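Please read the structure below before turning to the comments.
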Amino acid sequence: MGKIKVVHYVNQFFAGIGGEEKADVKPEVREEVLGPGLALKAGLGDDVEIVATVICGDTYFGNNMEEATSELLDLIKKYEPDLFIAGPAFNAGRYGTACGAITEAVQNELEIPALTAMYEENPGVDLYRKSVYIVATKDSAAGMRDAVKKMAPLALKLYRGEEIGSPEEEGYLERGIRKNFFTDKRGSERAVDMLLKKLAGEDYVTEFPMPDFDRVDPNPAVKDITKATVAIVTSGGAVPKGNPDHIESSSAQKYGKYSLEGIYDFTPENGETAHGGYDPVYANEDLDRVLPVDVMRDLEKEGKIGKLHDFWYATVGNGTSVANAMKFGEAIGKDLAAAGVDAVILTST
Amino acid sequence: MVKEIERAGIPVVHMCTVVPISLTVGANRIVPTIAIPHPLGDPKLDPKEEKDLRRKLVEKALAALETEVSGQTVFE
């Protein structure tokens with residue numbers, strides 16, 4: 001019997017092509033084992049061969065999700081793999097989204113067992129957790145060993161069509177699937193046990209976690225935008241030249257509030273990006289490409305908006321924790337409301 | 001951040017390139033943009049065309065702010 005054939009997906013960074021300056025590379029394939037593939041190969045054992053590695057730049061994928069997915073599928077198909085593995089993507093948002101999308105496409109369109117892996121706060125998780133198995137990893141590549149230790153056995157189980165255990169047993173992120181099983185205690189007993197534990201202040205595990213739908217209803221529309229004060233906010237790292245608050249290029253711990261007084265247009269002299277998660281060349285040339293101050297000023301002068309708010313707010317949305325983003329958003333929202341701002345344009349990269 | 005600003009009672013429009021992420025995050029008014037490293041510009045265009053493009057996108061965002069929505073809405 002031949003070896004189990006695996007095709008592996010990585011981004012431009014893990015393929016060793018380059019960082020953000022190379023994030024626009026198009027899908028390609030290499031008949032070799034690259035980067036994390038080496039650890040995966042070791043973890044999967046001698047019966048498995050990684051026959052090819054498919055690669056795509058994160059920005060290219062994010063900008064062209066449908067085309068990139070179909071181009072990658074064509075590349076993968078040729079190798080007739082028995083198994084497909086993407087990542088691990090850790091907390092890289094565009095990479096995680098790409099891994100989820102391509103894993104789903106391989107599983108559903110090529111009908112090949114597939115899995116990926118990433119950190120639980122990666123935006124790829126909420127997008128794809130219901131359709132594919134996503135192994136839970138740490139938030140950085142320091143968790144590679146731990147990731148591979150969980151990915152390899154689960155991948156082999158999927159390949160063999162074996163029964164997959166619970167998320168806790170197998171190490172994947174919960175998919176919102178309910179499964180029937182036999183147990184020696186009936187429901188009423190288990191419920192009373194849980195209640196007693198709860199009353200005693202002890203830990204207990206619910207059998208039916210409620211989904212966490214944290215949605216905020218849309219606010220009513222602005223009645224007359226020509227009378228409104230509009231503020232601009234960004235997660236794209238748009239900061240005054242020199243990044244005076246030293247906002248971190250990834251995993252930001254703070255946001256900045258900056259005066260727009262006297263700024264009618266961004267130039268390479270007065271603005272730059274602090275964001276470390278995309279190629280900064282275009283934003284540093286003209287920060288209006290991230291935060292449209294020039295256009296907002298024109299609209300203000302022409303009376304198309306009432307007023308551009310005197311300050312802009314910026315942070316870096318690159319591996320930034322959900323908890324921090326919520327904290328920043330809450331503080332910015334309060335500040336804007338107190339200043340009487342009527343509407344907000346928030347830009348993201 | 002979009003959601004917390006909305007929660008503060010201010011209508012907010014999210015201008016971003018990867019719309020699925022914006023939907024997951026919970027933005028209610030979404031305007032798709034050009035590309036990740038330059039959402040509101042296109043370095044391939046000459047400066048005037050580029051600014052026109054940016055203006056169109058911002059005008060779309062302002063129109064979105066003036067539009068009542070009952071749930072997540074993408075303004076293509």
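Proteins get letters first, then strands, A, B, ... in listed order; numbering begins at 1 in each. Values in this document were obtained by computation on a predicted structure and should not be read as measured data.
- The 12-atom threshold is exceeded at CD of B:Glu68, counting heavy atoms of other residues, nucleotides or ligands nearer than 6.0 Å.
- Contacts between A:Asn324 and chain B at a heavy-atom distance below 4.5 Å are absent for every atom of the residue.
- Per-residue heavy-atom pair counts under 4.5 Å with chain B were compared for A:Ala283, A:Ala331, A:Pro220, A:Pro280, and the maximum is reached by A:Pro220.
- Remark: the backbone N or O of B:Val12 is not paired with any side-chain donor or acceptor of A:Asn219 at under 3.5 angstrom.
- With hydrogens and angles ignored, the 3.5 Å screen pairs a side-chain donor or acceptor of A:His275 with a backbone N or O of A:Gly277.
- Both the sub-6.0 Å distance and the 45° axial angle are not jointly satisfied by A:Arg289 relative to the ring of A:Tyr282.
- No donor-acceptor contact under 3.5 angstrom links the side chains of A:Thr320 and A:Ser251, judged on distance only.
- In this structure, A:Trp312 contributes its side chain and A:Thr234 its backbone to no donor-acceptor pair below 3.5 Å.
- Across B:Gly26, B:Pro43, B:Ala8, B:Ala64, the residue that shares the most heavy-atom pairs under 4.5 angstrom with chain A is B:Pro43.
- For chain A, the nearby part of B:Ser70 is the backbone; its heavy atoms alone come within less than 4.5 Å.
- With a 4.5 angstrom heavy-atom cutoff, A:Thr315 touches chain B only via side-chain atoms.
- In terms of heavy-atom pairs under 4.5 Å with chain A, the best-connected choice from B:Ile10, B:Ile5, B:Val69 is B:Ile10.
- Among A:Val222, A:Asp286, A:Val216, the residue with the largest count of heavy-atom pairs under 4.5 Å with chain B is A:Val216.
- Looking at B:Val31, there are no atoms closer than 4.5 Å to chain A (heavy atoms on both sides), in backbone or side chain.
- By the neighbour-count criterion of 12 heavy atoms within 6.0 Å, atom NZ of A:Lys257 is densely surrounded, having more than that number from other residues, nucleotides or ligands.
- Defined by atom type and a distance below 3.5 Å, a donor-acceptor pair is missing between the side-chain atoms of A:Asp58 and A:Tyr278.
- Side-chain atoms of B:Gln72 come within 3.5 Å of backbone N or O of B:Leu23 as a donor-acceptor pair.
- Side-chain atoms of B:Arg55 and A:Lys304, non-hydrogen and from C-beta on, do get closer than 4.5 Å to each other.
- The backbone N or O of B:Ala35 sits less than 3.5 Å from a side-chain atom of B:Thr17, completing a donor-acceptor pair.
- Atom NZ of B:Lys56 has 12 or fewer neighbouring heavy atoms from other residues, nucleotides or ligands inside a 6.0 Å radius.
- Among B:Ala61, B:Ser22, B:Pro39, the residue making the largest number of heavy-atom pairs under 4.5 Å with chain A is B:Pro39.
- For A:Leu287, no part lies under 4.5 angstrom from a heavy atom of chain B.
- When the heavy atoms of residues 44-54 of chain B are compared with those of chain A, the residues falling under 4.5 Å are B:Glu50, B:Lys51, B:Arg54, listed by number.
- Residue with the most contacts toward chain B among A:Thr273, A:Asp298, A:Asp24, A:Asp279: A:Asp298 (heavy-atom pairs, distance under 4.5 Å).
- Per-residue counts of heavy-atom pairs under 4.5 Å with chain B were compared for A:Asp288, A:Asp217, A:Asp224; the largest is that of A:Asp288.
- Note on B:Cys16, B:Gly41, B:Pro37: by heavy-atom pairs under 4.5 Å with chain A, the leading option is B:Pro37.
- Side-chain contact annotation: A:Arg94 with A:Thr59, donor-acceptor N/O pair under 3.5 Å present.
- In terms of heavy-atom pairs under 4.5 Å with chain A, the best-connected choice from B:Ala27, B:Ala63, B:Pro20 is B:Pro20.
- Among B:Val18, B:Ile21, B:Leu65, the residue with the largest count of heavy-atom pairs under 4.5 Å with chain A is B:Leu65.
- Side-chain polar atoms of A:Glu121 and A:Asn91 form no donor-acceptor pair below 3.5 angstrom.
- Heavy-atom pairs under 4.5 Å with chain B peak, among A:Pro218, A:Gly329, A:Gly333, at A:Pro218.
- Ranking A:Pro123, A:Ala343, A:Gly124 against chain B, the residue ahead of the rest is A:Ala343, based on heavy-atom pairs under 4.5 Å.
- Using a 4.5 Å cut-off between heavy atoms, B:Thr24 touches chain A through backbone and side chain atoms alike.
- Looking at A:Ile263 and A:Tyr258, their side chains never come closer than 4.5 Å, going by heavy atoms from C-beta outward.
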